[in-house]
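Notes follow once the structure below has been shown.
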Amino acid sequence: SGKEMRTRAKEMTAHLGQHDAEYLLERESEIPKEWRQFYLVFPGTVWRSPFGYLHVPYLHWFGERWFLYFHWLGRDWRSHVRLVRSGK
């Protein structure tokens, strides 16, 4: 669930947000090819829609490049999702 995903993100200090996603998107050639099978989630930014739903940014490989999307936290998150955090 979105609530569980956010809890895990806090535990892992995976708090990167939309600015980090945009930074990575500008350098998409540096994203490892093996990550193309995953949704890369950046839970450090949470947006509220006009209808009150919470969304987080994520990057998704589609066709020939990465795209920035926003996913509703109320939906289930499957095993093809990865939380992004900075390296040490």
Side-chain angles (χ1 to χ4, degrees):
S1 70
K3 183 178 179 180
E4 178 66 22
M5 188 269 299
R6 291 182 70 197
T7 298
R8 290 183 186 183
K10 278 187 176 182
E11 291 170 358
M12 298 171 48
T13 63
H15 49 73
L16 298 180
Q18 182 175 344
H19 290 290
D20 301 294
E22 291 170 352
Y23 178 87
L24 197 55
L25 189 60
E26 291 173 1
R27 292 154 184 80
E28 67 180 323
S29 64
E30 298 175 21
I31 302 174
K33 290 181 181 176
E34 56 270 15
W35 290 10
R36 291 179 181 174
Q37 62 185 315
F38 303 115
Y39 288 5
L40 307 180
V41 181
F42 297 80
T45 298
V46 179
W47 290 104
R48 184 177 299 278
S49 76
F51 304 105
Y53 300 115
L54 300 178
H55 294 77
V56 293
Y58 71 96
L59 296 179
H60 174 66
W61 178 263
F62 186 76
E64 297 293 320
R65 61 177 298 240
W66 290 93
F67 290 89
L68 177 64
Y69 295 105
F70 295 87
H71 192 77
W72 176 37
L73 283 173
R75 297 183 107 178
D76 286 338
W77 294 77
R78 309 262 185 233
S79 61
H80 61 279
V81 172
R82 295 295 182 266
L83 293 170
V84 180
R85 65 181 181 169
S86 60
K88 294 183 179 186

Inset, instruction - Quick one: pull up OG1 in T7 and CE in M12 and give me the separation to the nearest 0.5 Å. - result: 12.5 Å

Inset, instruction - Decide yes or no on side chain to side chain contact (heavy atoms under 4.5 Å, CB included) for M5 and V56, but give the supporting numbers first. - result: CA-CA 11 Å; M5 188 269 299; V56 293; 4.2 Å; yes

Inset, instruction - Please round to the nearest 0.5 Å and tell me the distance separating atom CG of L25 and atom CG of L40. - result: 10.5 Å

Legend entry - From E28 atom CD to W61 atom CH2, the distance as rounded to the nearest 0.5 Å: 6.0 Å

Legend entry - Joint hydrophobic cluster, W66 plus V41, side-chain heavy atoms closer than 4.5 Å: no

Inset, instruction - Examine F70 and V46 and state if one hydrophobic cluster contains both, with Ile, Leu, Val, Met, Phe, Trp and Tyr joined whenever side-chain heavy atoms are less than 4.5 Å apart. - result: no

Inset, instruction - Identify whether I31 and V84 are in the same connected component of the hydrophobic contact network (ILVMFWY, side-chain heavy atoms under 4.5 Å). - result: yes

Legend entry - Transitive ILVMFWY side-chain link F38 to L83, under 4.5 Å: no

Inset, instruction - Could you pull out the closest heavy-atom pair between P57 and T45, with the gap in Å? - result: CD-O, 3.3 Å

Legend entry - CH2 (W72) with more than 12 external heavy atoms under 6.0 Å: yes

Inset, instruction - Identify whether V81 and Y58 are in the same connected component of the hydrophobic contact network (ILVMFWY, side-chain heavy atoms under 4.5 Å). - result: yes

Inset, instruction - Working to the nearest 0.5 Å, report the span between CG of L59 and CZ of R82. - result: 14.5 Å

Inset, instruction - Verify side chain to side chain contact (heavy atoms under 4.5 Å, CB included) between F42 and L24, making sure each step is shown before the conclusion. - result: CA-CA 11 Å; F42 297 80; L24 197 55; 4.0 Å; yes

Inset, instruction - Quick one: sort the H60 and Y69 rings into parallel, tilted or perpendicular, breaks at 30° and 60°. - result: tilted

Inset, instruction - Please examine the side chains of R6 and K10, heavy atoms only from C-beta on, and report whether any two atoms are closer than 4.5 Å. - result: no

Inset, instruction - Give a yes or no on whether R8 atom CZ has more than 12 heavy-atom contacts from other residues, nucleotides or ligands under 6.0 Å away. - result: no

Inset, instruction - Determine the minimum heavy-atom distance between S49 and H55, stating which atoms define it. - result: CB-CE1, 3.8 Å

